[in-house]
Each structure stands twice: as structure tokens, then as C-alpha cells.
Peer 1: 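What follows is a structure written as C-alpha cells; I'll ask about it next.
Just so you know, ligand 1 is whichever comes first in the structure, and atom 1 is the first atom listed for that ligand.
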Amino acid sequence: MEQVAVPISPSAGAQLAEVWARIRGRLRDEVGEVEYRSWLRQMTLSALQGDEVVIHLPTRFLRDWVRGHYGDRLQALWHAELPAVRRVEFRVLPDARTAEPVLEAVPAEARAADLPVSRTAPDRGLAEPLGRPAEARPDAKLDARGEWSAPLDPRFTFDTFVVGKPNEFAYACARRVAERPASPGFNPLFMYGGVGLGKTHLMHAVAWAIRERGDGRAPFSVAYMSAEKFMYRFIAALRSQSTMEFKESLRSVDVLLIDDLQFLIGKDNTQEEFFHTFNALVDAGKQIVVSSDKPPSDLAGIEDRLRTRLGQGMVADLHATTYELRISILQAKVVQAGVAVPPKVLEFLAHKITTNVRELEGALNRLIAHANLFGRAVTLEGAQEVLHDVLRAHDRRLTIEEIQKRVAEHYNIRLSDMSSPRRARNVARPRQVAMYLAKQLTTRSLPEIGRRFGGRDHTTVMHAVSRVAELMQQDNAFAEDVELLRRMLET
Ligand code: ADP
Ligand code: MG
């Protein structure tokens with residue numbers, strides 16, 4: 001079918017943009033700034049086609065979330081503005097944020113990106129029973145996939161990998177390798193980073209993507225395994241005197257992914273074997289992907305010649321997560337789980353659990369499981385309770401400086417304003433909040449607190465404390481804000 005651009009004159013386009021801005025404004029008023037920013041900000045208007053409005057979102061999670069939670073409301077708002085509009089359609093367009101706001105029919109690729117990928121499709125790209133003949137293995141059928149490749153986690157795909165600054169380079173490299181295995185410059189692909197930052201996830205994603213190439217290209221055989229498993233298999237082959245088989249079968253794969261290579265440190269025989277496999281595959285134009293917790297240069301205990309080869313393709317690191325990435329990951333996980341978790345709880349988790357994604361996920365899962373078990377909604381209070389022990393690990397003595405810093409960040413003022421003589425409301429109020437929290441959360445006396453806030457008198461601190469308490473009584477949103485700050489600082 002032909003894609004027909006809907007002709008929209010510039011002035012009509014401008015009008016439409018205005019309508020859209022009004023609708024977004026109304027929605028923002030209704031749901032509040034935080035919720036709006038968390039879920040709705042990334043909507044882009046793509047097209048108005050007859051009675052249907054098409055809105056793009058950059059990920060499938062956001063699309064499902066927005067459609068599920070705000071779909072009806074958006075439709076009503078559109079209908080109120082333009083009575084001809086009867087339907088609002090949500091679609092995924094990965095770079096919707098940067099896309100030109102072209103008002104035309106949605107391109108075919110955007111729709112293709114929207115189709116769910118079947119995980120149960122026959123394994124076109126599987127390494128067919130390699131090694132020993134099938135009859136030697138009673139579980140051959142069951143094990144056809146697992147013989148060489150360890151099972152792949154169905155959750156670890158490119159779709160479910162949330163991309164942010166710390167991992168975008170590794171992600172781009174992984175995608176590139178999945179699309180065009182063994183391209184010059186990308187072989188081997190060596191990905192490294194700390195625990196729980198997504199190395200295994202990306203490796204599985206590459207393997208899935210290559211297995212599922214469905215556009216008529218020749219199937220690839222893919223073998224994924226940990227370095228540890230590689231070693232065990234090699235040792236088993238040595239014992240059963242089947243090393244030839246081991247070598248041949250492994251060398252017949254098109255793409256070999258070895259996870260956690262650091263495991264081979266000090267295991268000389270296995271390294272040797274891996275080195276030969278590695279060379280044979282690369283020389284035959286096959287792709288190797290390796291992950292490790294360190295860059296090749298830091299892999300002490302790995303033979304020099306192997307280390308050199310490992311660094312000869314593309315080396316990509318996964319950096320520690322940022323707050324933004326943690327929020328995006330949590331949002332994605334919440335949508336996947338199909339559970340309503342208030343944005344404040346997600347912010348709380350992202351502030352508190354900064355170590356790695358696995359812990360972050362674990363904490364969120366515990367909250368959800370707990371809420372399900374007791375048939376309760378997930379709340380900030382509940383979160384703090386359930387995660388008590390996780391959070392206690394991060395526990396330490398709070399200082400007034402930390403309070404000032406966090407409060408200044410929260411209200412977007414300068415840290416120096418905490419001790420400046422300025423009395424403008426937009427700095428005075430946050431300063432009072434910080435004083436209040438300092439009184440609540442530390443054992444400092446009023447005069448001591450006053451001194452840390454630019455040498456203020458203790459009566460000023462006293463006034464601030466009672467003023468904040470009073471405001472919290474009167475203003476729910478303000479109270480929630482202070483409460484959130486307190487929880488973040490406290491545990
Ligand atoms: P590593 O192998 O680096 O130790 P994993 O790949 O096992 O880490 O990741 C740990 C957990 O965190 C997994 O459940 C994974 O899905 C999740 N995870 C890590 N990074 C991301 C990300 N960017 N987006 C979504 N999930 C992630
Ligand atoms: Mg791993």
C-alpha cells in the first residue's frame with residue numbers, strides 16, 4: 001500500500017500545533033508536573049488522519065503506559081478541541097523526540113517497529129545439534145538449543161534494554177554487531193563494565209537479534225556461553241578425549257558470545273584453547289563478542305597475545321548508571337510488570353539505590369511482590385518499610401552540608417544560597433526547609449544549625465522550623481515534598 005502524506009497547509013499545521021500545546025497543557029495541569037515529566041513529556045504529535053490522531057512515543061513501554069493510563073483522557077481532550085477527532089492512536093517511533101514534526105502518514109518502518117517480536121518462532125539461527133551426534137544424547141531435542149548455547153533469557157532483548165548516556169555506546173555497538181556480524185572494526189566486540197550494568201543483557205540481546213533475523217537472510221548459528229561454561233566444556237572434552245569434536249563444533253558457529261571472560265584469568269589451558277578458537281573464528285570471518293568486568297588492558301593474568309587480540313576490535317564500556325537512566329529503567333520495568341507505582345516511589349528508589357541495575361530491579365520487584373501479597377497499592381511509606389534493610393546498607397551519619405546540598409538540588413537553587421543573606425522567597429523557603437530538616441535529622445542544636453546557614457541567629461532557625469511545620473499542615477503538596485526529601489536523606 002502506498003503511504004499517502006496528509007496535506008496540511010502551514011497555517012493549519014500551526015493551528016494544530018496550538019491545539020496540541022493546549023491539550024498537553026491541560027493534561028499537565030491535571031496530572032501534575034512530576035507525573036507529566038515522567039510519562040507524557042515525550043509524546044509527539046505525528047499525524048491527524050481523518051478522525052484519528054496519531055501520537056508517537058519513543059519506546060514501547062511508554063506507549064503502553066500512556067495508552068493505558070492517559071489514552072481515554074487524551075481522546076476526550078482531543079474531541080473537546082476538535083470534535084471530528086474520535087480516536088487517538090499511540091505508536092512507537094524510537095527517535096520521536098528528535099523526529100521532525102512532519103504531519104503525514106506514519107512511515108511503514110515505524111509500524112514495523114511496533115510489531116511484537118515473537119519469541120516462540122522456530123529458531124532459524126540456531127546452532128543445530130553440534131558436536132556429538134544426536135542419538136548419543138537422549139535429550140537431544142530438548143537440548144538442541146542449549147547444546148552449545150546456554151539458554152537465552154527471553155527478557156534480555158534490545159527492546160527491553162533502556163538506553164541512556166552511560167550505556168549508549170555499548171548499546172550502539174551491540175546493535176551494530178547484531179545487524180552486521182563480523183564487520184571490520186567491530187570484531188571482536190569487547191564490552192566491559194561493573195556488576196549489574198547490563199553486559200549479559202546486551203550479549204543475550206545480540207544473540208536473540210541474530211537468531212531472529214527473519215528477512216530471508218541466511219540463518220546464522222549463534223553460541224552464547226559464559227567463560228566458565230566454556231571452561232567446563234573444554235575440561236569435559238579433555239576427559240572424554242573428544243577435544244577434536246569440541247574444537248570443530250565450536251568453530252562451526254557464526255557468532256560466538258563469551259560472557260564474563262575475567263573468569264579465565266589464571267586458567268592457562270582454557271585460555272590457550274579459547275585463543276585458538278578465537279583466532280580460527282576471526283580468521284574465518286565469524287563474529288566474536290566478549291564481556292568482562294575490566295578492559296582488556298587490565299586483565300592481568302590473561303596471556304598477552306590473547307589480551308592484544310581482544311583489544312583489536314571494538315572496545316565499549318558500560319559506565320555506572322546516572323539518576324536519569326535509573327528513572328528510565330524503573331519506568332520501563334514498571335510498565336513491563338503492569339503495576340501502578342507512583343512516580344515519587346520511582347524517584348525515591350533511583351535516589352537511594354545507586355549501585356547497579358540488578359539491585360534496583362530487585363528492590364522494585366520486592367515492592368511489587370509485597371504490594372501484591374497484601375493487596376495494597378505501592379506507596380512511598382510502604383517502599384521505605386519494605387526496603388528497610390536494603391536502604392540501611394546506605395545508612396550513615398547525615399551532615400548539615402548534605403542536607404543543604406540535597407535541598408538546594410531539589411529546589412534548583414545554588415548551594416551558596418543556603419548561607420547567603422538573600423531573602424527572596426524562592427531561596428528563603430528552601431533554606432527554611434533545609435533548616436527544618438537539619439533540626440529533624442541531626443542532633444545539632446539550634447545555634448549550631450544557625451551558624452551553618454551563614455551565621456544566622458538561633459531564633460531564625462526556630463522560626464524556620466515552626467514555619468515549615470505550619471506550611472506542611474496547610475499545603476499537601478509542600479508536605480509531600482518535604483516528606484520525600486526527609487525520606488531520601490534519612491535512610
Ligand atoms: P551484568 O551482566 O553487567 O552484571 P546484567 O546484564 O545481568 O548485568 O544486568 C542485571 C540486571 O539489570 C538484568 O536484569 C538486566 O536486565 C538489568 N539491566 C541492566 N541494564 C539495563 C538497562 N539498560 N535496561 C534495562 N535493564 C537493564
Ligand atoms: Mg553478567
Peer 1: Quick one: do D317 and K199 make a salt bridge, cutoff under 4.0 Å?
Peer 2: no
Peer 1: Which residue in the set D153, T157, D159 passes side-chain hydrogen bond (donor to acceptor under 3.5 Å, both in side chains) when paired with R155?
Peer 2: D153
Peer 1: For a distance cut-off of 3.5 Å, show me each N or O of ligand 1 paired with any protein N or O, plus the separation.
Peer 2:
residue	atom	partner	partner atom	Å
ligand 1	2 (O)	T200	N	2.9
ligand 1	2 (O)	T200	OG1	2.8
ligand 1	3 (O)	L197	N	3.2
ligand 1	3 (O)	G198	N	3.1
ligand 1	3 (O)	K199	N	2.8
ligand 1	3 (O)	K199	NZ	2.9
ligand 1	4 (O)	G196	N	2.7
ligand 1	4 (O)	R358	NH2	3.1
ligand 1	6 (O)	K199	N	3.4
ligand 1	6 (O)	T200	N	3.1
ligand 1	6 (O)	H201	N	2.8
ligand 1	7 (O)	R358	NH2	2.9
ligand 1	8 (O)	G198	N	3.1
ligand 1	8 (O)	R358	NH2	3.4
ligand 1	14 (O)	E361	OE1	2.6
ligand 1	14 (O)	E361	OE2	3.2
ligand 1	16 (O)	H201	ND1	2.7
ligand 1	23 (N)	V162	O	2.8
ligand 1	23 (N)	N167	ND2	3.2
ligand 1	24 (N)	V162	N	2.8
ligand 1	26 (N)	K333	NZ	3.0

Peer 1: Is the shortest side-chain N to carboxylate O distance from R406 to E409 below 4.0 Å?
Peer 2: yes
Peer 1: Under 2.8 Å from the Mg ion (ligand 2) - does any N, O or S atom of S226 fall there?
Peer 2: no
Peer 1: Determine, for E361 against K333, whether the closest basic-nitrogen to carboxylate-oxygen distance falls under 4.0 angstrom.
Peer 2: yes
Peer 1: Can you sort out the partners of E483 under salt bridge (Lys or Arg N to Asp or Glu O under 4.0 Å), two or more places apart, ordered by chain and number?
Peer 2: R486, R487
Peer 1: Between D29 and R26, does any NZ, NE, NH1 or NH2 come within less than 4.0 Å of an OD or OE carboxylate oxygen?
Peer 2: no
